[in-house]
Asker: 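Can you read through this structure? Questions will come right after.
Note: hydrogens, waters and symmetry copies are ignored here, and every other heavy atom, side chains too, is used. Small disclaimer: the values here were computed from a predicted structure and weren't measured.
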Amino acid sequence: MSKALELRGIEKVYKRGEPGEVAVLRGAELVLEAGEVVALVAPSGAGKSTLLHIAGLLDTPDAGQVLIGGQDVTGESDRRRTVVRRDDLGFVYQFHHLLPEFTAIENVVLPQLANGVSAKEANQRAEELLGHMGLGGRMTHRPAALSGGEQQRVAIARALANGPRVLLADEPTGNLDPATSDRVFAALMELVRTTGLAALIATHNPDLAGKMDRVVTLRDGLLV
């Protein structure tokens, strides 16, 4: 397998008045292989979101390197980092953040159009992804007409629309009831396995974490 995401010696320090600096990450290391699904577990305030933001090129570390597909992108320009985020990274959050005025399929088509894909190809890809997520009959519904689980499945399809190398998910089922959470997670896992991308999924749910390939815990600024 090839390395989809690699974090080397990631450090991040915040200045928060008294007592001064707070070291959130102290040399965190992680290798995520293509086709691998890894659970990220951490207590509140341990730096989970900071780690995901750095891995997703939304924040920069004070020290260390972020490699996507073997390429060091840590010191790249904002423009280059934007391109890497668009082409190689997919994001899913606890709340779906769908565009309310657009239908499910339009929400999945739009990122592809922004990436230069033709309307025909974008629609075919969107239909395929939504079909995989069990939403074949709900494609023309706007978010307000979808259940919470359906909205989150659309958000997952949108995150995978441009064929990313890495999926980063922050509590993707944290806002759902247990039964719906299980269904959404099962659909997510099936899509990840089908596409062969790598996924780093933050969760507080030990049952979900146990269904992934391995679990890493963020503790005292390090991944163990």
Asker: Applying side-chain contact (heavy atoms from CB on, under 4.5 Å), can you list everything that pairs with E11, at least two apart in sequence or on another chain?
Answerer: A63

Asker: Sub-3.5 Å donor-acceptor pair from the side chain of Q152 to the main-chain atoms of Y93, do we have one?
Answerer: yes

Asker: Any chance you could measure R85, atom CZ, to I68, atom CD1, to the nearest 0.5 Å?
Answerer: 11.0 Å

Asker: Kindly indicate, with the supporting measurements, whether the criterion side-chain contact (heavy atoms from CB on, under 4.5 Å) is fulfilled by M212 and I201.
Answerer: CA-CA 9 Å; M212 301 187 216; I201 302 175; 3.9 Å; yes

Asker: So, S118 side chain and E121 main chain: donor-acceptor pair closer than 3.5 Å or not?
Answerer: yes

Asker: Identify, with sequence neighbours excluded, every residue that meets side chain to side chain donor-acceptor pair (under 3.5 Å) alongside R86.
Answerer: N115

Asker: Take R193 and D213 through the test salt bridge (charged side-chain N to carboxylate O under 4.0 Å, His left out) and record every step on the way to the result.
Answerer: CA-CA 11 Å; R193 298 301 190 202; D213 297 324; 2.9 Å; yes

Asker: Please name all residues satisfying side-chain contact (heavy atoms from CB on, under 4.5 Å) with R138, sequence neighbours left out, ordered by chain then number.
Answerer: L135, H141, L146, E150

Asker: Report yes or no: does Q112 contribute a side-chain atom to a donor-acceptor pair with the main-chain N or O of N162 at less than 3.5 Å?
Answerer: no

Asker: State whether the side chain of Q65 and the backbone N or O of T74 hold a donor-acceptor pair below 3.5 Å, judged by distance alone.
Answerer: no

Asker: What's the spacing between L30 CG and L218 CG if we round to 0.5 Å?
Answerer: 10.5 Å

Asker: Checking D170 now: which residues fulfil side chain to side chain donor-acceptor pair (under 3.5 Å) with it, not counting sequence neighbours?
Answerer: K48, S49

Asker: By salt bridge (charged side-chain N to carboxylate O under 4.0 Å, His left out), which residues pair with R81, not counting sequence neighbours?
Answerer: none

Asker: Salt bridge between K3 and D72, side-chain N to carboxylate O under 4.0 Å?
Answerer: no

Asker: Just how far is it from atom CG of L160 to atom CE of M133, taken to the nearest 0.5 Å?
Answerer: 7.5 Å

Asker: When you check the side-chain N and O atoms of R79 and T82, is any donor under 3.5 Å from an acceptor?
Answerer: no

Asker: Quick one about N205 and T203 (side-chain donor to acceptor, distance below 3.5 Å, no hydrogens or angles considered), yes or no?
Answerer: no

Asker: With rounding to the nearest 0.5 angstrom, report the CG to CZ distance, L98 to R142.
Answerer: 13.0 Å

Asker: Under 4.5 Å between side-chain heavy atoms, counting indirect links through other Ile/Leu/Val/Met/Phe/Trp/Tyr residues: same cluster for I54 and L167 or not?
Answerer: no

Asker: Determine whether L67 and L223 fall in the same hydrophobic cluster, where Ile, Leu, Val, Met, Phe, Trp and Tyr are linked whenever their side-chain heavy atoms lie under 4.5 Å apart.
Answerer: no

Asker: Quick one: list whatever passes side-chain contact (heavy atoms from CB on, under 4.5 Å) with A55, sequence neighbours left out.
Answerer: L5, L7, L168

Asker: Working to the nearest 0.5 Å, report the span between NE2 of H53 and NZ of K12.
Answerer: 11.5 Å

Asker: Distance-only, no hydrogens or angles: does the N107 side chain make a donor-acceptor pair with backbone N or O of A155 under 3.5 Å?
Answerer: no

Asker: Transitively linked via ILVMFWY side-chain contacts under 4.5 Å: V108 with L191?
Answerer: yes

